Amino acid sequence: MEVSGAGKTVTTRRGLIAIALVALPFPVLSSGDPLAAAIAEATGGRDSAEGGIALETPPLAENGGQVPVTVTVESPQTEAQHVRAIHLFATRNPTPGIATFRLSTAVAEAKVTTRIRLEEDQAIIAIAALSDGTLRRATAAVKVATGGCIG
Amino acid sequence: MSALSPPRLWLPRTVRAGEAFEVRTRVEHPMETGLRREGARLVPRDMLASLVVTVDGTPVFEVAFGNGCAANPFHVFFLRLQRSAEIAVTVTDEAARTARTAQRVPVA
């Protein structure tokens with residue numbers, strides 16, 4: 001019975017995350033939301049579009065303290081067209097900011113692998129800032145067996 | 001705070017001009033956010049602020065760390081060189097201490 005109860009909680013949370021994600025990428029209205037504020041700070045409040053960016057995460061992380069994440073952005077990495085920055089956000093960690101990567105044209109492929117911390121089941125958001133001023137966004141859901149932040 | 005140890009840096013022995021090659025870095029660091037408790041005690045914050053990769057002194061790749069970065073930060077990314085160069089990795093913690101590792105990469 002406890003197991004099904006826990007499952008229900010997860011489903012509800014997922015639902016909330018989904019709602020949050022739909023509402024999220026667009027200009028932030030509530031300044032009280034730390035996630036929205038962190039994204040607005042990184043993007044200057046500009047809109048991001050999906051596509052041209054992939055976010056690879058394991059669907060289930062046994063250890064929330066070491067979750068591998070790879071972000072790949074489709075970009076020729078030329079002077080005229082390259083990725084300037086990739087921002088990573090956690091939607092349900094104690095704090096939303098994970099990392100910002102700054103790239104130059106000496107970075108041959110706009111692909112970065114890192115390891116992150118996740119406290120509980122949640123969605124991860126990657127936003128890439130391109131040299132033409134556009135922003136690309138990808139999200140991925142990760143289930144976390146053992147939280148990696150507080151414990 | 002423990003002493004800052006130099007980052008580990010893995011590079012190919014030689015690379016071809018203009019071709020992508022893989023770079024891996026790892027820093028031994030607890031990345032304590034100051035949010036974690038051990039029993040009743042709050043473990044003090046001890047975080048890296050940044051990791052900067054340079055090619056002959058010019059920054060080419062940089063990580064700004066947030067709380068969501070795992071302990072012992074590990075990164076994989078791809079660089080390209082037109083000519084032989086020194087690749088260096090410098091980490092800086094929030095107390096502004098730094099540690100650096102450098103390796104020369106010959107372009108074949």
Side-chain angles (χ1 to χ4, degrees), chain A residues 34-35 38 41-42 56 61 63-73 75-78 82-119 122 124-126 142 147-151, chain B residues 10 12 15-27 29-39 42-43 45 47-83 85 87-88 105:
Chain A
L35 173 63
E41 195 190 335
E56 289 169 64
N63 173 9
Q66 292 280 345
V67 184
V69 170
T70 299
V71 185
T72 310
V73 188
S75 168
Q77 290 301 97
T78 58
H82 58 274
V83 176
R84 286 217 169 110
I86 298 170
H87 308 279
L88 277 180
F89 304 97
T91 55
R92 290 188 64 88
N93 267 5
T95 55
I98 298 175
T100 292
F101 307 102
R102 299 202 183 276
L103 285 63
S104 67
T105 52
V107 174
E109 296 171 21
K111 178 176 182 178
V112 179
T113 297
T114 186
R115 289 177 189 164
I116 69 170
R117 265 184 189 132
L118 296 174
E119 179 58 15
Q122 60 185 289
I124 310 303
I125 302 171
V142 185
C149 295
I150 309 291
Chain B
W10 291 272
V15 302
R16 287 168 189 268
E19 282 189 17
F21 59 92
E22 189 180 84
V23 181
R24 290 184 292 155
T25 63
R26 185 178 186 278
V27 195
H29 196 281
M31 297 297 275
E32 287 290 355
T33 58
L35 301 171
R36 194 172 68 88
R37 281 180 190 283
E38 269 177 7
L42 205 56
V43 181
R45 186 174 175 92
M47 288 284 287
L48 290 176
S50 69
L51 177 150
V52 178
V53 180
T54 58
V55 172
D56 285 342
T58 304
V60 294
F61 178 79
E62 188 177 331
V63 184
F65 294 103
N67 283 355
C69 284
N72 303 322
F74 174 76
H75 291 91
V76 184
F77 49 95
F78 296 86
L79 294 181
R80 61 186 159 208
L81 296 176
Q82 298 305 331
R83 60 192 74 81
I87 295 184
V105 180

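Predicted model only: the values in this text are computed from it and were never measured. The sequence lines fix the lettering, A, B, ..., with proteins before strands; numbering per chain opens at 1.
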task: Can you tell which part of A/Thr100 gets under 4.5 Å to a heavy atom of chain B, answering side chain, backbone, both or neither?
output: both
- prompt: Can we say A/Glu119 and A/Arg117 salt-bridge, meaning some charged N sits less than 4.0 Å from an Asp/Glu carboxylate O?
  reply: no
field: Toward chain A, the part of B/Val55 with a non-hydrogen atom under 4.5 Å
entry: neither
Crowding at CD, A/Glu41 (>12 non-hydrogen neighbours, <6.0 Å): no
field: Residue part contacting chain A, namely of B/Phe65, when any heavy atom lies under 4.5 Å
entry: backbone
message: Can you classify the ring geometry of A/Phe101 versus B/His75 as parallel (below 30°), tilted (30 to 60°) or perpendicular (above 60°)?
response: perpendicular
Shortest non-hydrogen separation from A/Thr105 to A/His82 and the atoms involved: CG2-ND1, 3.6 Å
